[in-house]
Amino acid sequence: MMALFSRKIPFAEAARALTADLRQNGLTSAVSPELEELSRLLREHEPKPVVEDTGDLLQSVLEALPDPAGVIERDGKLSRSNYQLDALLGPGRSIGRTLLEATRSVDLADAVTRALGGATERRELTLPALQKIVLASVAPVARNRALLVVRDLTEQKRSEATRRDFVANASHELRTPVAAISGAAETLLSGGIALDETARSFVEMINRHCSRLTRLTQDLLDLSRLEAGEWHVEMSALEVQPLCEQAIELVRARATQRKITLSVDSPARLRVLADRRALEQVLVNLLDNAIKFSPEGGRVTLLADGTSSHIVLSVIDTGAGIEPRHLERIFERFYRVDSGRAREAGGTGLGLAIVKHLVQAQGGEVGVESGQGGSRFWVKLRATASGHISKGP
Ligand code: ADP
């Protein structure tokens with residue numbers, strides 16, 4: 001059987017030719033039904049020619065995608081769309097139109113133009129005509145066309161905003177009663193009223209926890225504002241050295257308490273493009289941690305260095321360091337390596353999350369390297385045009 005099927009084309013042709021020949025020569029009766037049957041069977045098993053139907057294949061691929069997707073021709077008009085894209089744009093609103101016409105998004109139209117020019121674009125953007133927030137990926141494909149894939153983020157963004165608003169409102173509401181309790185505790189401790197030893201220790205405890213609650217509500221408020229993009233940075237060219245000295249002064253009292261030596265190592269005239277208030281908060285948070293997580297008698301250094309394009313500020317400590325498995329998550333909110341110890345040290349677990357957001361809001365990057373001899377938290381920001389004074393090789 002295998003042999004027959006492997007040679008089915010010559011057999012089919014031979015059977016057909018023989019039948020036709022016999023008929024042509026008037027030998028119809030000689031064409032046996034068996035030969036006719038064999039000819040039919042072999043014809044049926046002939047391989048069908050492959051139909052070049054790339055159009056349907058493309059459509060099937062688009063329909064198989066879980067997200068809205070379509071193909072854009074070189075003139076910028078949408079030529080194909082899958083079911084989800086039709087549902088997103090509205091039936092009959094897409095084919096033959098440009099994405100600017102269909103969505104009124106200048107940003108998306110720009111991404112399409114770039115993709116048609118050969119660049120792959122991935123942007124989070126708003127589609128004003130549809131009141132949607134989407135992540136649009138546009139990539140060049142064959143024959144100067146572009147493939148658009150869209151992920152609808154509207155619901156996700158809405159629930160993130162609800163969560164953020166809740167946290168911000170709750171923190172805001174907590175501030176007034178916490179301030180009142182704190183004020184009362186401080187009055188009791190300031191000596192106006194006689195307290196026995198037990199009462200004093202309780203009031204001190206109330207005061208300590210009030211301070212923590214105040215920091216926590218303030219950090220939560222800051223973080224909500226940062227996440228909502230409500231923290232507007234004012235970028236300007238800043239002298240790095242005086243900025244570092246100021247940040248060091250703000251944490252000096254805490255360092256002295258813990259017998260930690262502080263030092264600044266920054267070249268003169270180094271300038272960074274940053275928001276003064278934001279950068280100061282970043283440095284104070286990093287220095288605070290370095291002091292908190294170093295043993296008494298340790299050393300904390302604030303080091304600045306730069307190239308023509310970037311300035312790197314590092315806070316280096318001689319603490320116990322952080323295990324590699326924690327490093328990836330350390331900038332997440334409420335992530336702590338040793339929560340008991342961190343809480344005891346007065347931390348909120350939000351300091352590094354705030355650092356990350358503040359640095360990103362200034363267009364910079366943040367990172368950490370850590371080993372047994374201590375940690376180095378670094379911040380990379382843009383240098384100003386005249387900011388190039390490098391100490392490096
Ligand atoms: P916290 O308020 O607890 O300090 P952060 O977000 O600032 O919160 O830091 C998160 C955690 O990262 C800390 O609880 C601590 O475990 C770890 N950490 C941060 N900085 C250092 C450091 N310099 N050395 C060791 N561990 C650190």
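When a ligand or atom number is given, it counts from 1 through the structure's own listing order. Quick caveat, the model's predicted, so the values are computed rather than measured. Values reported hereafter were calculated over all heavy atoms of this structure, with side chains retained and with hydrogens, waters and symmetry mates removed.
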Would Phe331 count as a contact of ligand 1 if the rule is a heavy atom under 4.0 Å away? no

Any nitrogen or oxygen of Gly351 lying under 3.5 Å from a nitrogen or oxygen in ligand 1? Just yes or no. yes

Beyond-backbone contact of Met205 with His209, side-chain heavy atoms, under 4.5 angstrom: yes

Near [X], which atoms of ligand 1 are under 4.0 Å from a heavy atom of that residue?
| X | answer |
| --- | --- |
| Ile330 | 12 (O), 17 (C) |
| Ser375 | 24 (N) |
| Val337 | 16 (O) |
| Lys292 | 1 (P), 2 (O), 4 (O) |
| Gly349 | 1 (P), 2 (O), 3 (O), 6 (O), 8 (O) |
| Thr348 | 2 (O) |

Below 3.5 Å, can you tabulate the donor-acceptor pairs from side chains in residues 359-366 to any protein atom, sequence neighbours excluded?
unit_1, atom_1, unit_2, atom_2, d
Gln362, OE1, Asp275, N, 3.0
Gln362, NE2, Leu358, O, 3.1

Under 4.0 Å from ligand 1, counting heavy atoms only, is it the side chain of [X], its backbone, both or neither?
| X | result |
| --- | --- |
| Val315 | neither |
| Ile322 | side chain |
| Tyr335 | backbone |

Using the test side chain to side chain donor-acceptor pair (under 3.5 Å), find all partners of Glu239 that sit at least two apart in sequence or belong to another chain. none

Look at Asp288 together with Lys292 and state whether they make a salt bridge at an N to O cut-off of under 4.0 Å. no

Correct closest heavy-atom pair for Gly306 and Ile311 would be CA-CD1, 4.0 Å

Heavy-atom pair of closest approach, residues Ala290 and Ser294: O-OG, 2.6 Å

Judged by modelled atom types alone, do Arg299 and Thr318 share a side-chain donor-acceptor pair under 3.5 Å? no

I'd like to know if the side chain of Glu245 pairs up with that of Gln241 as donor and acceptor (distance under 3.5 Å, no hydrogens or angles considered). no

Select the closest option to atom 7 (O) of ligand 1 among Asp317, Asn289, Leu327, Ile291, judged by heavy-atom distance. Asn289

